[in-house]
Structure formats: structure tokens, C-alpha cells
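Start at 1 with the first residue, then count along the sequence. Bear in mind that the values here come from a model prediction, so they are computed numbers and not experimental data. Hydrogens, waters and symmetry mates play no part in the numbers below; they use all other heavy atoms, side chains included.
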Amino acid sequence: MTVSAAPTVRELHVRPVAVPLDPPHRTASGVIQESPLVLLDVVTDDGSVGHAMVFTYTRPALLPTAELLRNLAPLLADEPLAPVELAQKLARRFRLLGTQGLVGMALAGIDMALWDALARCHGVSLARLLGGVEKRVPAYGAVGYDGERESARVAESWAKRGFRGVKAKVGYPSVAEDLAVVRAMRSAVGDDVALMVDFNQSLDPVNAETRLRALDDAGLGWFEEPVLAHDHAGHARVAAAVKTPVQAGENWWGPLDFRHALEARAVDRLMPDVMKVGGVTGWQAVAALAATHGLPLTSHLWPELSTQLLCVSPTGDWLEYCDWWNPVLAEPLAVKDGLADPAGVIGSGVAWNEAAVARFLV
């Protein structure tokens with residue numbers, strides 16, 4: 001494709017959909033039964049179209065987020081296709097309100113779509129646009145808050161598909177139940193598969209310290225979010241008490257939250273969510289922080305986009321794989337032998353299965 005000297009944004013299309021999860025995904029904090037998504041399409045004056053989505057977690061937030069994005073569309077019209085410049089401009093517009101919550105999600109969705117449009121405009125993958133190359137990235141599969149027997153069954157199914165890591169939701173009423181789940185999964189997958197656990201913020205710092213010490217010799221790759229996400233002091237207390245790495249970041253909003261966590265010595269690993277961290281632009285800032293602190297960087301959700309971002313992150317580590325929105329994707333991320341492979345992808349890899357989108361429109 002011939003690239004114009006300075007493509008500009010023409011319009012933003014917004015469509016809300018709700019994709020059922022089969023089976024539902026259970027956590028210690030609740031059950032996720034569907035993926036409420038706002039699909040975004042940024043159209044430029046040279047005909048390039050960039051795609052992205054926003055995941056609102058809960059249906060009541062879906063239509064308000066879609067309406068917010070429609071209200072933001074005029075701020076993009078006739079602007080240059082320059083994601084970093086636009087991210088800074090939009091952040092200034094919302095400085096008094098703040099760029100967290102629904103506003104942060106909306107701005108990140110726009111950022112992701114702009115980067116996808118720019119990569120497609122140049123006919124390259126996002127990884128290439130950012131100065132890297134496509135690489136195969138190790139992925140782990142997710143196990144819900146499903147009890148001892150079902151957790152072992154699902155973990156074994158991931159291992160049989162070639163996945164080299166499995167992460168389970170824990171935080172059961174007793175540490176004995178947590179241990180039973182971990183031991184059942186280990187028995188099911190063997191010693192060559194990495195096991196991690198996610199508490200989904202279900203413990204207070206005192207109980208977390210006691211419980212994690214009891215789990216410290218279970219051979220786990222990390223303890224994820226044992227306490228409230230923004231309780232940096234609580235995380236720091238737990239991290240200092242155990243030898244297993246403490247992981248967090250999926251619920252931190254933007255690079256500043258990560259800086260505050262690092263200053264508090266809250267964690268041993270970082271897990272940005274590309275939507276909550278501020279899109280591709282925000283991810284790059286956090287990847288730089290992770291590199292300067294020598295901390296491994298693991299993704300949260302968004303496997304298509306996150307695979308390519310991990311390719312260009314100096315301390316990029318595991319990809320969290322999920323298929324929650326595969327039904328509305330034209331070509332879901334390719335995973336073989338537990339490795340996500342972005343080879344041959346143009347842009348971020350996100351594009352729509354329009355027949356499915358029409359079926360799930362809200």
C-alpha cells in the first residue's frame with residue numbers, strides 16, 4: 001500500500017457486543033459469564049482501518065463505555081495518525097477528571113486502534129512498527145476457581161495442548177483447600193509444567209502473609225494479587241515474607257501506578273493489562289520501567305496485542321492466553337506447542353468476524 005505523507009483520522013466507529021463465555025470463568029471475587037466488548041474501528045483518510053476493543057468486565061458498563069467513546073470521536077477527526085501525540089493530547093483534555101476507570105479504558109481503546117491503523121498503513125506487524133521482530137512467546141492457560149478435581153482436569157487439558165504453564169484461581173476458604181488444588185494440578189500436569197496461582201485480591205495482608213508462607217514450598221511460579229491491587233504496602237509486606245515471587249499489575253491504571261508500586265517495593269514481577277495501562281503507548285512506558293528495574297513482564301488478557309508487545313519488551317516473559325473474544329475475531333491468535341506465534345500478522349492481529357459481530361451486537 002502506498003503511504004501518504006501524513007495520514008489523518010477521518011472517523012471512529014463504535015459497536016458494543018456481548019460474547020458468552022462457555023464455560024463461565026470463576027474467580028475468588030466472582031463469576032465472569034460473558035465478555036462485554038466495545039469494538040472500535042479508526043478509519044483514516046488513506047483508507048486504512050485500525051481495530052481494537054475495550055473489555056468492560058460487566059454488562060452495566062458496556063453501553064456507557066460505548067457512548068463515551070462515541071462522544072470522544074469528534075476529538076479525533078482530522079487529527080494526524082500519530083498515536084503518541086494523540087495520547088498526550090487526550091490525556092491533557094481529561095487531566096481534571098482523571099484518566100482511570102471508564103475514561104482510561106476508552107482512551108486506551110483509541111490508542112490501540114490508532115497503533116493498529118498505523119501498522120496497517122505501513123503494511124507491517126505492530127512488533128515491526130515498534131522496531132522489533134515477531135517471535136514465538138510462551139503462553140500459559142487459565143484455570144478458574146473450580147475446586148480440586150475440576151482444576152486438575154482443566155490443568156491437564158492445557159498441558160495436553162502443549163501449554164508450558166498453567167495458572168489457577170485460588171483463595172479458597174482455607175489454605176488446606178488451596179494446597180489441595182495446587183497438589184492436584186501438579187499431579188495432573190507433572191513436573192515440567194509451570195504452575196502459578198491468582199488470589200484475585202481476596203486476602204487481607206495479615207492472612208495473606210500466613211497463607212502464602214504455607215504455600216511457599218509448593219513450587220509455584222508466582223503468587224498473584226494476594227491483597228487489594230492498590231495496597232502497595234500490603235503487597236510489600238507479603239513479598240518480603242515469602243520467597244515465591246509476588247505478581248501484580250493488571251488492575252493498575254497507567255505507568256504512574258506502576259511507578260508507585262515499584263517505589264513501595266510491592267512486587268517481584270509486573271503484569272500490565274494493555275487496556276488499563278493506557279494502550280500500546282502506556283505499555284511501552286511500563287516495559288521501560290520493568291527493564292530498568294530488571295523485573296519480568298507478563299501480560300494480562302489481550303493475547304493478540306500482548307504477544308507482539310512482549311516481543312518488543314526487554315524483560316517480556318509469559319503471555320496469559322485466553323480465548324474469551326475469539327468468536328468475534330476474524331483470525332484468533334495462533335498457538336502451537338504452547339507458543340503464541342504472530343508470524344504473518346499485519347497490524348495488531350485484531351480484525352472482525354462480521355457475521356459473529358452481528359449476532360452478538362447489543
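- Between the CG atom of D216 and the NZ atom of K243 there is a distance of 4.0 Å, given to the nearest 0.5 Å.
- Under the side-chain hydrogen bond (donor to acceptor under 3.5 Å, both in side chains) rule, E224 has a single partner from Q201, H300, K167, Q247, which is K167.
- From W352, atom CH2 reaches atom CG of L40 across 7.0 Å, with rounding to the nearest 0.5 Å.
- Between the side chain of E150 and the backbone N or O of G147 there is no donor-acceptor pair closer than 3.5 Å.
- Cluster annotation: V103 is connected to V274 through the hydrophobic network of ILVMFWY side chains, with a link wherever side-chain heavy atoms come within less than 4.5 Å.
- Between W158 and Y140, the distance from one ring center to the other does not fall under 6.0 angstrom.
- The only member of L114, L129, D116 that meets side-chain contact (heavy atoms from CB on, under 4.5 Å) when paired with P83 is L114.
- Under the 3.5 Å distance criterion, the side-chain polar atoms of D45 are matched with a main-chain donor or acceptor of T8.
- Of the charged side-chain nitrogens involved, none lies within less than 4.0 Å of a carboxylate oxygen, so that K89 and E85 do not count as a salt-bridged pair.
- A donor-acceptor contact shorter than 3.5 Å links the side chain of D257 to the backbone of W253.
- Below 30°, between 30° and 60°, or above 60°: for Y172 and Y145 the angle between ring planes is below 30°, a parallel geometry.
- Formation of a donor-acceptor pair under 3.5 Å by the S202 side chain with backbone atoms of F199 is found in this model.
- Separation of the W325 and W302 ring centroids falls under the 6.0 Å cut-off.
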